[in-house]
Amino acid sequence: MPARGLPVPQFQRQFGGGYKLGLYQSVNIINPEDAATLFKSEGNYPERFMVPPWVAYRDFRNKPYGVLLKKGEAWRSDRLILNKEVLSLQVIDCFVPLLNEVGEDFVKRVRVQIEKSGRGRWTADLTNELFRFALESVCNVLYGARLGLLQDLIDPEAQKFIDAVTLMFHTTSPMLYIPPSLLCRINSKTWRDHVQSWDVIFRHADKCIQNIYRELRLDRKSTKEYTGILSSLLVQDKLPIDDIKANVTEMMAGGVDTTSMTLQWAMFELARTPVVQEQLRAEIFAARQAAQGDMLKMLKAIRLLKAVIKETLRLHPVAVTLQRYTTQEIILQDYFIPAKTLVQVGIYAMGRDPKFFTKPELFDPARWLKMDSTYFRGLGFGFGPRQCLGRRIAELEMQLFLIHMLENFKIETKRGVDIGTKFDLILIPDKPICLTLRTL
Ligand code: HEM
Ligand code: 2DC
């Protein structure tokens with residue numbers, strides 16, 4: 001029987017998973033059924049753990065919040081407007097040509113490197129190359145403009161932006177459990193680096209936004225073709241300019257380390273599992289044939305590729321947990337959880353637990369196609385109205401990248417090298433991943 005009616009201070013002792021970290025207390029779950037209970041009761045205004053240094057920076061510099069840090073009605077109204085421009089089925093088809101050309105350019109860049117080597121292959125740690133690819137991609141859908149990050153000489157400001165995002169994540173984790181009000185009073189090196197990183201991020205995003213804003217006012221862009229998320233938001237005029245800026249900045253920063261790291265893991269897993277790599281390549285070749293150059297059609301015929309991305313996020317999620325504050329009393333595993341409790345869904349732990357995935361250590365994308373239940377198991381982008389805003393961009397970007405890479409190169413890695421996972425706010429490899437790309 002559920003332990004109903006427990007007084008609030010007691011749930012911690014009663015509930016096995018409850019613990020306190022710094023000033024924050026949370027209940028931790030890893031069972032998909034429990035995740036379902038949590039998300040089904042989240043309501044229309046779900047709230048996750050607010051990362052204190054991110055809030056503190058904006059308050060310190062008097063910057064507006066985007067959806068990442070907003071709450072309540074303010075979050076909901078912004079989010080509904082953004083969903084139409086970023087997540088809806090009507091608009092995502094417009095992203096395909098924009099993301100496709102960046103994927104093609106990445107292949108060209110790899111070809112140049114392979115030619116330079118004179119050995120028909122290129123071996124490297126692709127981290128920074130993938131950061132550039134990811135920023136180029138997200139900027140092409142945000143601004144409808146190329147930054148040229150896949151050329152040899154790139155804008156040093158863009159590289160500074162990339163480094164700033166990495167440093168921003170890196171300096172967040174030591175400050176995770178310090179309340180925002182304390183952070184700037186301490187004035188530690190970590191806090192100063194954190195502020196500087198956000199300063200670079202906001203300044204560079206502002207520059208990009210201003211460029212588009214100016215062009216639009218000069219009416220230099222045609223009104224017929226799709227010219228990107230920012231133009232759409234500006235033309236629609238439903239969000240105040242400051243909110244547009246805050247949200248575009250969040251998307252630009254959120255679009256770098258997330259997709260690039262996931263792609264790096266995906267290539268690593270495909271390199272270690274050549275059988276899967278061959279099956280995937282066969283699917284891609286067949287889909288290309290059947291679609292006759294129609295990319296939208298092709299994207300509907302790549303079931304295994306979609307499963308490859310899900311399987312990559314199962315073993316290598318970007319976010320170690322999902323979090324929600326309960327809005328009402330719920331029962332998890334016979335324990336009574338009061339309203340306003342922070343509950344964390346350990347998606348990293350769930351993905352590696354044999355209770356929920358048979359032989360969890362195996363990279364087996366096909367499990368997503370034959371599993372009798374995927375119920376609340378594929379949670380890499382979160383769930384519900386507060387799920388990842390960039391989900392559709394990220395999925396398309398990764399699908400198109402992998403299509404082009406597999407059509408052109410064999411991906412290999414040294415055998416027996418084990419790569420672990422490190423928490424750097426987001427989860428990243430604990431040592432460099434070295435990949436070899438070989439002309440097919
Ligand atoms: C939120 C994962 C790429 C922008 C989130 C959340 C997760 C996540 C787990 C929290 C969702 C929740 O609480 O339910 C990922 C993964 C990515 C990715 C795995 C790629 C592999 C992106 C990209 C963008 C982006 C490309 C920008 C275009 C955001 C924003 C939020 C968010 C703005 C906050 C949304 C809100 O609070 O309303 N992401 N993300 N993400 N993500 Fe992503
Ligand atoms: C970090 O305990 C660990 O997608 C904390 O694109 C709980 C927590 C809360 C929010 C999570 C964060 C963790 C990891 C990074 C996430 C973030 C929500 C959004 C963010 C998952 C798990 C991320 C990377 C966004 C970042 C956008 C930003 C750069 C503007």
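Model, not experiment: these values are computed from the prediction. For the numbers below, each heavy atom of this structure counts, side chains included, while hydrogens, waters and symmetry mates do not. Atoms within each ligand, like the ligands themselves, are counted from 1 in listed order.
For atom 15 (C) of ligand 2, the nearest non-hydrogen atom from the set L427, V165, I426, L69 belongs to I426. In the candidate list P317, G380, G254, G254 is nearest to atom 6 (O) of ligand 2, counting heavy atoms. Considering each of V345, L82, L68, I426, the one bringing a non-hydrogen atom nearest atom 34 (C) of ligand 1 is L68. When the heavy-atom distances from atom 39 (N) of ligand 1 to S260, A266, C388 are ranked, the shortest goes to C388.
In the vicinity of R79, heavy-atom distances shorter than 4.0 Å reach the ligand 1 atoms 35 (C), 36 (C), 38 (O). Interface atoms of ligand 2 facing Y177, defined by a heavy-atom separation under 4.0 Å, are 2 (O). Counting atoms of ligand 1 from 1 in the listed order, those under 4.0 Å from a heavy atom of L322 are 9 (C). Taking every heavy atom of F383 and a limit of under 4.0 angstrom, the matching atoms of ligand 1 come to 14 (O). Heavy-atom proximity to T258, at under 4.0 Å, picks out these atoms of ligand 1: 3 (C), 17 (C), 18 (C), 20 (C), 21 (C), 22 (C). Set against the non-hydrogen atoms of M168, the atoms of ligand 2 under 4.0 Å away are 29 (C). For ligand 1, the atoms sitting less than 4.0 Å from at least one non-hydrogen atom of V318 are 19 (C), numbered in the order shown with element in parentheses. Proximity to G390 (heavy-atom distance under 4.0 Å) selects the following atoms of ligand 1: 4 (C), 23 (C), 24 (C), 25 (C), 27 (C), 28 (C). Atoms of ligand 1 lying under 4.0 Å from at least one heavy atom of G382, given by number and element, are 9 (C), 11 (C), 12 (C), 14 (O). Annotation for ligand 2: atoms under 4.0 Å from non-hydrogen atoms of T321 are 22 (C). Those atoms of ligand 2 with a heavy atom of A253 less than 4.0 angstrom away are 29 (C).
A donor atom on one side chain and an acceptor atom on the other are not found under 3.5 Å apart for H316 and Q264. No side-chain donor-acceptor contact under 3.5 Å links Q113 and E129. Side-chain polar atoms of T259 and E397 form a donor-acceptor pair below 3.5 angstrom. No side-chain donor-acceptor contact under 3.5 Å links D193 and H170. No side-chain donor-acceptor contact under 3.5 Å links S197 and D199. Side chains of Q159 and D163: a donor-acceptor N/O pair is present below 3.5 angstrom, by distance only.
F60 pairs with exactly one of W198, F202, W191 by the ring-ring contact (aromatic ring centres under 6.0 Å, His included) rule, that one being W191.
E136 places no side-chain N or O within donor-acceptor distance of the main-chain N or O of V102, the cut-off being under 3.5 Å. In this structure a side-chain-to-backbone donor-acceptor pair under 3.5 Å is missing from T358 to P354. T326 places a side-chain N or O within 3.5 Å of a backbone atom of K340 that can act as its donor or acceptor partner. Using modelled atom types, no side-chain atom of R391 and backbone atom of L389 make a donor-acceptor pair closer than 3.5 Å.
The N/O atoms of Q323, backbone and side chain alike, include none that comes under 3.5 Å of an N/O atom in ligand 1.
Closest protein heavy atom to atom 14 (C) of ligand 2: L425 O, 3.8 Å. In terms of protein heavy-atom proximity, atom 14 (O) of ligand 1 is nearest to R324 NH2, 2.7 Å. Given atom 27 (C) of ligand 1, the protein heavy atom at minimum distance is M251 O, 3.4 Å. Shortest contact from atom 5 (C) of ligand 2 to any protein heavy atom: L176 CD1, 3.9 Å. Annotation: atom 21 (C) of ligand 2 to nearest protein heavy atom, A319 CB, 3.7 Å. Atom 8 (C) of ligand 2 has its closest protein heavy atom at Q323 NE2, 3.3 Å. Scanning the protein heavy atoms around atom 26 (C) of ligand 1, the nearest turns out to be G255 CA, 3.6 Å. Summary of contacts: the protein heavy atom closest to atom 17 (C) of ligand 1 is F381 CE2, 3.4 Å. Taking atom 23 (C) of ligand 1 as the reference point, the nearest protein heavy-atom neighbour is G254 O, 3.4 Å. In this structure, atom 21 (C) of ligand 1 lies nearest to the protein heavy atom T262 OG1, 3.3 Å. When only non-hydrogen protein atoms are considered, atom 16 (C) of ligand 2 lies nearest to W54 CH2, 4.6 Å. Counting only heavy atoms of the protein, atom 2 (C) of ligand 1 lies nearest to G380 O, 3.6 Å.
Between F363 and W265, the ring centre distance reaches or exceeds 6.0 Å. Aromatic ring centres of F376 and F383: separated by under 6.0 Å.
Separating the CD1 atom in I209 from the NE2 atom in H204 is a distance of 10.5 Å, to the nearest 0.5 Å. How far CD1 of I92 is from CD of E395: 8.0 Å, rounded to the nearest 0.5 Å. The line from CZ of R48 to OH of Y325 is 11.0 Å long, rounded to the nearest 0.5 Å.
Relative to the ring axis of W368, R314 does not place its NZ or CZ within 45° and under 6.0 Å from the centre.
Counting heavy atoms under 4.0 Å from ligand 2, residue T258 touches it through the side chain alone. The part of M398 lying near ligand 1 is the side chain, judged by heavy-atom distances below 4.0 Å. At a 4.0 Å heavy-atom cut-off, ligand 2 touches L68 through the side chain alone. Contacts of F423 with ligand 2, taken as heavy-atom pairs under 4.0 Å, involve the side chain alone.
In this structure, the side chains of Q333 and N31 come closer than 4.5 Å at one or more pairs of heavy atoms.
Protein non-hydrogen atoms do reach within 4.0 Å of atom 27 (C) of ligand 2.
Using a 4.0 Å cutoff on heavy atoms, M252 does not count as a contact of ligand 1.
The existence of a salt bridge linking D353 and K355 is confirmed by a sub-4.0 Å separation between a basic side-chain nitrogen and an acidic carboxylate oxygen.
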